Amino acid sequence: MAQTLVPSLQCPKGIACNSRRMVSTKLWNSLLVPSHGRRSRKGGNAFKVLAVSADKSGVVSRLEDLLNLDTKPYTDKIIAEYIWIGGTGIDIRSKSRTIAKPVEHPSELPKWNYDGSSTGQAPGEDSEVILYPQAIFKDPFRGGNHILVICDCYTPAGEPIPTNKRYRAAQIFSQQKVIDQVPWYGIEQEYTLLQTNTKWPLGWPVGGYPGPQGPYYCAVGADKSFGRDISDAHYKACLYAGINISGTNGEVMPGQWEYQVGPSVGIEAGDHIWCSRYLLERITEQAGVVLTLDPKPIEGDWNGAGCHTNYSTKSMREDGGFEVIKKAILNLSLRHQDHISAYGEGNERRLTGKHETASIDTFSWGVANRGCSIRVGRDTEKKGKGYLEDRRPASNMDPYVVTSLLAETTLLWEPTLEAEALAAHRLQLQV
């Protein structure tokens, strides 16, 4: 059986890839192309998994067969992968358990627990943290009726632990004023792919730099696009899982990509982004590539990585909505520092006023201006209704925090008339 390195065709000339991570060309292709062989599309995996490395191709083949085994004809039991956010607030953890039969709603699943002292979320002498199932997605790695379960974390007494940002977001989204406005979110998740051994961007010469930015954005070609197989595999995995992914593209810095999730309503936006990040971590793990959500992975004349968040309410989407958008912009300007402090770690390295960003210290807005804190599209201005784009969130932001804070600031928080008038004058807004 022919062998190839992982990731295939992604190791630039002069870079030594990890020769111990060997899989067959057939297996690498199977990550991207559904199998139409002896398993039916209905019963088997729609998204194939990669076997770990082995010295003998026969061992790899048998392991692949087991990994992709369809259990549905033999048992009603399913595997549920419980997923939660770890102690750093950005790391993703998961573990598996058997469920007696397929389920349709998180309330049908049991709570579970884990050792919080090993994730930085509890002391050793009282280490139990309880997982509450909150959202279910189909598992593209195991296929069949197997599921992925997004959970949030609580103490045994039922109190949310400090890193549980979903709990507070759910409180905001359950407010009747917020419910009535049906907040929509479209989130643009940027990320960077790194070579495993060097932690240098995929496609870059080790210790060196590619040509200047310009040819790489939405580009095609082996000398301009690095990691497309990973992006495409992730796209299909998200669709299979039921994530509301709406698109993807190569970004300005080589080795950097973006995908978009939405429109999603309320708390659903955070659930979908976290599950999509889990899938991306798993796919890059299989491909032997490192994923980073660092907002400025490479210093210098290179774009950072953000998580631009498009936002609208029912009133913004209706006739006369542009006036509602301008009122929202006023509120956002008055709570600029509150938002900045919640929009991701290391964001000060990205929000410099360069590379399509606004300065972290100054709030600004504009129509079609990607150098502002808040951008309003030409189409929104023309129609007099639509949405705004908050360009400040970093790529490592917590979507529960960002989405709920936007709703809180624009729908629940009211500034004083004096503060509103001063802000309107400063921003040259007539509301």
Side-chain angles (χ1 to χ4, degrees), residues 169 172-189 244-247 260-270 272-273 306-336 338-340 342-343 356 358 362-393 397 399-431:
I172 291 172
F173 286 122
S174 65
Q175 300 269 346
Q176 192 59 50
K177 192 172 182 180
V178 178
I179 293 172
D180 292 343
Q181 284 296 318
V182 196
W184 287 3
Y185 298 92
I187 300 177
E188 306 169 22
Q189 176 69 69
N244 194 21
I245 188 170
S246 51
Q260 303 89 35
V261 172
S264 305
V265 179
I267 197 73
E268 177 185 281
H272 282 233
I273 284 290
C307 209
H308 305 151
T309 302
N310 301 277
Y311 168 67
S312 71
T313 62
K314 184 172 181 286
S315 297
M316 293 177 186
R317 298 187 292 268
E318 294 175 343
D319 290 342
F322 194 26
E323 293 303 311
V324 181
I325 291 172
K326 289 193 286 186
K327 173 62 169 64
I329 291 172
L330 275 181
N331 282 20
L332 290 169
S333 73
L334 291 168
R335 299 190 79 191
H336 177 60
D338 293 330
H339 282 253
I340 287 296
Y343 274 14
E356 301 179 84
T362 306
F363 181 89
S364 58
W365 82 283
V367 175
N369 187 345
R370 283 178 164 76
C372 286
S373 308
I374 304 293
R375 182 183 71 89
V376 175
R378 291 284 183 200
D379 199 47
T380 294
E381 181 187 44
K382 181 180 179 180
K383 292 181 178 179
K385 58 183 178 181
Y387 67 95
L388 61 84
E389 177 193 29
D390 192 341
R391 297 181 58 81
R392 296 171 294 175
M397 63 81 151
Y400 294 134
V401 173
V402 170
T403 56
S404 61
L405 190 55
L406 280 167
E408 181 183 55
T409 296
T410 60
L411 296 174
L412 302 177
W413 182 76
E414 288 293 340
T416 65
L417 291 176
E418 181 181 8
E420 189 176 82
L422 288 172
H425 177 73
R426 183 174 65 254
L427 297 173
Q428 297 182 335
L429 274 172
Q430 293 182 351
V431 179

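It should be emphasised that the depicted structure is a prediction, and the values quoted were computed from it without experimental measurement.
In this structure, H308 has no ring pair (Phe, Tyr, Trp, His ring centres under 6.0 Å) partners at least two apart in sequence or on a different chain. Remark: D180 engages Q176 in a side-chain hydrogen bond (donor to acceptor under 3.5 Å, both in side chains) (not counting sequence neighbours). Applying the salt bridge (Lys or Arg N to Asp or Glu O under 4.0 Å) rule to D379 yields the partners K383; only residues at least two apart in sequence or on another chain are considered. With sequence neighbours left out, E318 forms a salt bridge (Lys or Arg N to Asp or Glu O under 4.0 Å) with K314. With sequence neighbours left out, E268 forms a salt bridge (Lys or Arg N to Asp or Glu O under 4.0 Å) with no residue at all. Residues satisfying the salt bridge (Lys or Arg N to Asp or Glu O under 4.0 Å) criterion with E188, sequence neighbours excluded, are absent altogether.
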Pair E408-R335, salt bridge (charged side-chain N to carboxylate O under 4.0 Å, His left out): steps then yes or no
CA-CA 11 Å; E408 181 183 55; R335 299 190 79 191; 3.5 Å; yes
Could you go through S264 and W184, starting from their C-alpha distance and side-chain angles, then the distance that decides it, and tell me whether this counts as side chain to side chain contact (heavy atoms under 4.5 Å, CB included)?
CA-CA 5 Å; S264 305; W184 287 3; over 6 Å; no
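With values rounded to the nearest 0.5 angstrom, L406 atom CG is found 6.0 Å from L332 atom CG. Between the NE2 atom of H339 and the CG atom of L405 there is a distance of 3.5 Å, given to the nearest 0.5 Å. Note: N244 CG to Y185 OH = 15.0 Å, rounded to the nearest 0.5 Å. Taking OG1 of T409 as the reference point, atom CG of N331 lies at 7.0 Å (rounded to 0.5 Å). Taken from CZ in R317 to CD1 in I325, the straight-line distance is 10.5 Å, to the nearest 0.5 Å.
Taking the ring centre of W365 as origin, the terminal cationic atom of R375 falls outside the region bounded by 6.0 Å and 45° from the ring axis.
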